[in-house]
Amino acid sequence: MFSHNLKPGNIKIPISEIEWHAVRSSGPGGQHVNKVSSAVHLRFDIKASSLPESYKERLLKFRDKRITADGIIIIKAQQSRSQVKNKQIALERLYEIIAQAIITLKKRKPTRPTKSSKEKRLDQKKK
């Protein structure tokens, strides 16, 4: 189980819901680069996941180029030469996307200036 502290509450995402594909990394690397598939593509289907419905709705509305129109998060990680490290990097990015999508911003309460602050402002203008 992959789990992080996603607020509010502890959300756990089963590894079975994450689809992995090992691909060859792009860029320079010499003779070794053509033999080893160290880059990783992570695919996470939001609609078929075990996330709460409210989180799914927010994720599907969330504007991110890594979320397709079908509701699938696709992340490519190729920073490291190690496939295991690239998997960990991809999982961390998935966590970041989900964490950003489920943050609820406080609604702004409109306030009015106090009578004394208005008077002070007008006094300053007169001076």
Side-chain angles (χ1 to χ4, degrees):
M1 288 285 249
F2 157 66
S3 70
H4 280 282
N5 291 332
L6 299 177
K7 293 179 181 169
N10 245 351
I11 302 280
K12 294 184 193 250
I13 300 171
I15 292 292
S16 60
E17 292 182 4
I18 298 172
E19 191 178 318
W20 300 99
H21 295 285
V23 293
R24 291 191 184 127
S25 289
S26 61
Q31 297 171 342
H32 187 66
V33 75
N34 295 324
K35 299 180 205 169
V36 178
S37 298
S38 60
V40 172
H41 275 190
L42 176 148
R43 293 174 60 89
F44 179 73
D45 189 356
I46 298 168
K47 295 174 184 174
S49 70
S50 61
L51 290 172
E53 289 300 319
S54 61
Y55 291 0
K56 287 181 186 180
E57 289 172 16
R58 286 187 187 166
L59 271 170
L60 292 170
K61 290 179 186 175
F62 193 62
R63 294 281 171 219
D64 194 303
K65 63 182 180 183
R66 296 169 288 190
I67 301 175
T68 65
D70 299 329
I72 297 173
I73 299 174
I74 301 173
I75 298 171
K76 183 177 183 182
Q78 62 180 8
Q79 283 77 9
S80 175
R81 290 185 182 182
S82 166
Q83 192 180 88
V84 175
K85 286 182 184 175
N86 283 333
K87 279 186 175 184
Q88 187 61 37
I89 290 168
L91 283 174
E92 288 171 5
R93 288 189 196 162
L94 177 64
Y95 158 71
E96 288 171 7
I97 291 172
I98 294 170
Q100 287 176 355
I102 66 172
I103 291 173
T104 54
L105 299 174
K106 288 183 179 177
K107 286 207 170 192
R108 183 188 170 277
K109 293 180 184 175
T111 58
R112 289 183 158 176
T114 62
K115 187 175 181 179
S116 64
S117 67
K118 284 182 186 177
E119 290 172 359
K120 285 179 189 176
R121 182 181 58 85
L122 292 173
D123 288 343
Q124 288 295 323
K125 277 179 79 171
K126 286 177 188 173
K127 290 181 184 176

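Predicted model only: the values in this text are computed from it and were never measured.
- Considering only heavy atoms from C-beta on, Ile97 comes within 4.5 Å of Leu59 through its side chain.
- Residues Arg58 and Ala101 approach most closely at CD-O, 3.4 Å, considering heavy atoms.
- Taking CZ of Arg121 as the reference point, atom NZ of Lys125 lies at 5.5 Å (rounded to 0.5 Å).
- Electrostatic pairing of Arg93 and Glu96 does not count as a salt bridge here, judged by no charged N lying under 4.0 Å from a carboxylate O.
- Rounding to the nearest 0.5 Å places CD1 of Ile73 at 13.0 Å from CD of Glu19.
- Taking hydrophobic clusters as Ile, Leu, Val, Met, Phe, Trp and Tyr residues chained together by side-chain heavy-atom distances below 4.5 Å, Ile46 shares a cluster with Trp20.
- Taken to the nearest 0.5 Å, the CG atom of Asn86 stands 7.5 Å off from the CD atom of Gln78.
- Heavy atoms only, all atoms of each residue included: Lys56 and Ser49 are closest at NZ-O, 2.9 Å.
- We find the CD1-CG distance between Ile74 and Asp64 to be 11.5 Å, quoted to the nearest 0.5 Å.
- If you chain together hydrophobic residues whose side chains sit under 4.5 Å apart, Ile89 and Val40 never meet in one group.
- Following chains of ILVMFWY side-chain contacts shorter than 4.5 Å, one cannot reach Leu94 starting from Ile72, and the two form parts of different hydrophobic clusters.
- Side-chain atoms of Lys47 and Leu60, non-hydrogen and from C-beta on, do get closer than 4.5 Å to each other.
- For the pair Gln83 (side chain) and Ala22 (backbone), a donor-acceptor distance under 3.5 Å is absent.
- Taking 4.5 Å as the limit, some side-chain heavy atom of Leu51 sits within range of a side-chain heavy atom of Phe44.
- Distance check: Arg43 CZ to Ile75 CD1 gives 11.5 Å after rounding to the nearest 0.5 Å.
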